[in-house]
Colleague: 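Can you read through this structure? Questions will come right after.
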Protein chains: 2
Amino acid sequence: MAEADRQRDSPKRERILQGALRAFAKKGFYNTRVSEIASEAGVADGTIYLYFKNKDDLLISLFEDRMEWVIERLTTELQAVEGGVLEKLRAFVGLHFQLAIENPDLAEFITVELRQSAKFVKEYENPKFADYLKILQFLIEEGQRGGELRTDLDSRLVSRALFGALDEVLLQLTLARTPPKDVTEETGQISRMIIDGLVHRDEHT
Amino acid sequence: MAEADRQRDSPKRERILQGALRAFAKKGFYNTRVSEIASEAGVADGTIYLYFKNKDDLLISLFEDRMEWVIERLTTELQAVEGGVLEKLRAFVGLHFQLAIENPDLAEFITVELRQSAKFVKEYENPKFADYLKILQFLIEEGQRGGELRTDLDSRLVSRALFGALDEVLLQLTLARTPPKDVTEETGQISRMIIDGLVHRDEHT
DNA sequence: ATTGAATGAATGGGCATTCATTCACCCAAA
DNA sequence: TTTGGGTGAATGAATGCCCATTCATTCAAT
């Protein structure tokens with residue numbers, strides 16, 4: 001096949017994706033030269049076009065590939081959580097941050113590039129991001145059915161809001177390159193805020 | 001002065017900013033040609049360089065200018081709100097959305113471009129965005145001092161999370177160009193979620 | 001007539017993409 | 001075992017487009 005994407009699993013393809021991730025995280029999509037990606041990946045400029053149709057395609061492929069991976073890890077780890085929906089929600093928050101800390105380039109890439117790219121690279125719809133949101137949404141709905149969560153809030157709205165909250169906090173953490181000293185404390189606070197709200201309550205839950 | 005920014009208030013300068021806003025909202029910073037901004041503003045390409053040093057400077061000036069305006073409106077309208085901090089929080093959510101709906105181009109520009117631009121245009125720090133966050137932060141702290149809000153959450157963390165939640169929900173609203181049919185319902189849900197949390201409580205608040 | 005603002009065609013550099021060439025590997029024939 | 005040539009991957013210099021920025025010239029106002 002003379003087509004512009006060789007076998008989906010090829011060490012070279014993966015090297016290119018990795019190089020692109022590093023480069024995009026460091027300088028952003030529009031400020032990254034294809035030749036920089038190539039040298040980061042240790043291949044020739046032209047080689048990239050054997051695996052991807054063009055720069056846009058490389059960006060989108062990177063999204064899909066990495067998001068798929070994130071979704072898979074999140075799903076499995078979430079299934080292993082003992083306890084009710086509240087416990088799972090807390091775990092979700094923790095996992096979201098943990099994944100980001102373990103993969104700083106990926107975190108930076110996703111938090112910073114997701115929006116722009118989603119909108120301007122030839123109207124790409126980003127189905128994987130939708131999948132990610134669905135995990136949250138279903139978790140909320142499970143809790144609503146089970147009686148743990150209030151039912152007067154739209155699950156799609158809530159899941160979006162939650163994602164936004166996590167994402168924004170993560171953005172700061174990521175950009176500041178803060179050493180993750182007290183992440184547990186932060187995720188704890190966020191979970192409490194999400195679950196119990198901001199309002200002050202008398203001493204008894 | 002041969003300097004590249006004429007009087008800060010000039011109808012022509014404002015026309016350029018307006019043209020840039022429309023263009024950036026529609027196609028994003030990196031996909032917008034300076035000549036497009038010029039024609040959108042009804043000036044010659046070169047004229048833009050009489051008012052702004054270059055394209056980056058135009059972007060940043062646009063941010064500063066519009067954020068300043070937003071902050072001012074938000075501050076005044078918030079001061080006019082009767083009631084305690086909880087009421088003000090609800091008002092904040094409502095105002096955030098209302099401003100966005102009244103200025104869709106501005107909303108799209110800010111939600112989509114803020115992150116990227118902030119990071120990649122010559123390491124610009126975006127002080128105005130920090131100011132915006134501060135409004136929220138001080139509101140939270142006021143509530144904590146007054147006893148209406150719980151004190152075990154860091155006000156900076158909370159304000160970021162809140163902003164993120166609003167921003168993400170707004171992003172969808174903005175991009176989908178959804179007719180704002182039930183915005184009141186949405187803002188109501190968000191306020192309730194923020195203040196009272198997701199957890200189900202027995203019938204008595 | 002002088003001054004400063006505005007114009008927009010021309011310039012030049014940057015960069016994605018191409019493609020003629022090289023390279024590495026395999027196998028068939030001698 | 002050697003050789004040759006066929007195949008597809010990889011290379012990277014060359015191409016050509018695109019567009020931000022400039023500046024010689026024109027215009028308007030006083």
Side-chain angles (χ1 to χ4, degrees), chain A residues 1-24 26-63 113 116-117 120-124, chain B residues 1-24 26-63 113 116-117 120-124:
Chain A
M1 61 179 56
E3 287 315 286
D5 60 338
R6 304 243 162 288
Q7 50 280 12
R8 270 204 150 284
D9 59 336
S10 144
K12 197 147 287 189
R13 184 187 141 101
E14 175 54 27
R15 283 233 310 282
I16 294 171
L17 286 175
Q18 232 165 284
L21 179 57
R22 292 173 64 113
F24 290 161
K26 190 163 24 174
K27 316 184 55 181
F29 177 73
Y30 289 105
N31 290 309
T32 296
R33 312 293 134 238
V34 170
S35 64
E36 290 173 343
I37 297 171
S39 86
E40 190 88 51
V43 301
D45 296 11
T47 307
I48 289 177
Y49 292 86
L50 296 176
Y51 293 87
F52 304 94
K53 193 149 54 64
N54 51 37
K55 197 184 170 193
D56 284 4
D57 181 45
L58 174 53
L59 175 72
I60 294 189
S61 302
L62 183 59
F63 261 136
E113 304 285 333
Q116 278 243 345
S117 316
F120 296 117
V121 173
K122 55 175 187 161
E123 300 302 329
Y124 169 58
Chain B
M1 60 179 58
E3 286 316 284
D5 59 341
R6 303 244 161 285
Q7 50 279 13
R8 269 204 151 286
D9 59 336
S10 143
K12 197 147 288 191
R13 185 186 140 100
E14 175 54 27
R15 282 232 311 282
I16 294 171
L17 286 176
Q18 230 164 285
L21 179 57
R22 291 173 65 112
F24 289 162
K26 191 163 25 175
K27 315 184 56 182
F29 177 73
Y30 289 105
N31 290 310
T32 296
R33 312 293 134 236
V34 170
S35 64
E36 290 172 342
I37 297 171
S39 86
E40 191 87 50
V43 302
D45 296 11
T47 307
I48 289 178
Y49 292 86
L50 296 177
Y51 292 87
F52 304 94
K53 192 147 56 63
N54 52 36
K55 197 184 169 191
D56 283 4
D57 181 45
L58 175 52
L59 175 73
I60 293 191
S61 302
L62 183 58
F63 262 136
E113 304 286 332
Q116 278 243 346
S117 317
F120 295 116
V121 172
K122 54 172 188 163
E123 300 303 329
Y124 168 59

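Heavy atoms only: backbone and side chains are in, while hydrogens, waters and symmetry mates are out.
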Colleague: Output the single nucleotide from D:dT21, D:dT11, C:dT7 whose closest atom is nearest the side chain of B:Asn54.
Modeller: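 Nearest nucleotide to the side chain: D:dT21.
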Colleague: Which is more 5' along DNA chain C, the nucleotide nearest A:Ser35 or the one nearest B:Gly42? Just name the residue.
Modeller: B:Gly42
Colleague: Looking at D:dA10, C:dT7, D:dT21, which one has an atom nearest to any side-chain atom of B:Leu50?
Modeller: C:dT7
Colleague: Taking only side-chain N and O atoms of A:Tyr51, does any of them lie within less than 4.0 angstrom of OP1 or OP2 on D:dA10?
Modeller: yes
Colleague: My understanding is that only residues two or more places apart in sequence, or in another chain, count here; which of them pass side-chain contact (heavy atoms from CB on, under 4.5 Å) with B:Ala23?
Modeller: B:Thr32, B:Ile37
Colleague: CG of A:Asp56 versus P of C:dT17: gap in Å, rounded?
Modeller: 7 Å
Colleague: Could you tell me how far apart A:Lys53 (NZ) and C:dT18 (P) are, to the nearest whole angstrom?
Modeller: 10 Å
Colleague: Which whole-number value in Å describes the distance from A:Ile48 CD1 to C:dA16 P?
Modeller: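 Going from A:Ile48 (CD1) to C:dA16 (P), I get 10 Å.
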Colleague: Taking C-beta and beyond as the side chain, do B:Tyr49 and B:Val34 meet within less than 4.5 Å on heavy atoms?
Modeller: yes
Colleague: Applying side chain to side chain donor-acceptor pair (under 3.5 Å), name anything that partners A:Gln18, two or more places apart in sequence or on another chain.
Modeller: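 Listed in chain order: nothing, the list is empty.
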Colleague: Can you measure B:Leu58 atom CG to D:dT21 atom C1' for me and round it to whole angstrom units?
Modeller: 14 Å
Colleague: Nearest to the side chain of A:Ala44, heavy atoms from C-beta on, is which of C:dT7, D:dG12, C:dT17?
Modeller: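 Of C:dT7, D:dG12, C:dT17, D:dG12 is nearest to the side chain of A:Ala44.
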Colleague: Mind listing the N/O atom pairs, protein and nucleotides 10-15 of chain C, below 3.5 Å?
Modeller:
{"from": "C:dC15", "atom 1": "OP1", "to": "A:Arg33", "atom 2": "NE", "distance (Å)": "2.8"}
{"from": "C:dC15", "atom 1": "OP1", "to": "A:Arg33", "atom 2": "NH2", "distance (Å)": "3.2"}
{"from": "C:dC15", "atom 1": "O5'", "to": "A:Arg33", "atom 2": "NE", "distance (Å)": "3.4"}

Colleague: Separation of B:Phe29 atom CZ from D:dC19 atom P, in whole Å?
Modeller: 13 Å
Colleague: Would you kindly give the OH-to-P distance between B:Tyr49 and D:dT22, to the nearest whole Å?
Modeller: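 Going from OH in B:Tyr49 over to P in D:dT22 covers 7 Å.
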Colleague: The criterion is side-chain contact (heavy atoms from CB on, under 4.5 Å); which residues satisfy it with A:Ser39, sequence neighbours excluded?
Modeller: none
Colleague: Any side-chain N or O of A:Lys12 less than 4.0 Å from the OP1 or OP2 oxygen of D:dA10?
Modeller: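 For A:Lys12, the contact criterion (side-chain N or O under 4.0 Å from OP1 or OP2 of D:dA10) is met.
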Colleague: Distance check needed: D:dA20 P versus B:Asp57 CG, whole Å only.
Modeller: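 Checked: the CG to P distance equals 15 Å.
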Colleague: Looking only at non-hydrogen atoms, find the nearest pair between B:Phe52 and B:Arg13 and report the distance.
Modeller: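 Closest approach of B:Phe52 to B:Arg13, heavy atoms only: CE2-NH1, 3.5 Å.
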Colleague: With B:Val43, which residues qualify under side-chain contact (heavy atoms from CB on, under 4.5 Å), at least two apart?
Modeller: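 Listed in chain order: B:Lys12, B:Arg15, B:Ile16, B:Ala38, B:Ala41, B:Thr47, B:Ile48.
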Colleague: Can the positive tip of A:Lys55 be found less than 6.0 Å from the middle of the six-membered ring of A:Phe29, inside 45° of the ring normal?
Modeller: yes
Colleague: What is the separation between atom OH on B:Tyr30 and atom P on D:dC19, rounded to the nearest whole Å?
Modeller: 15 Å
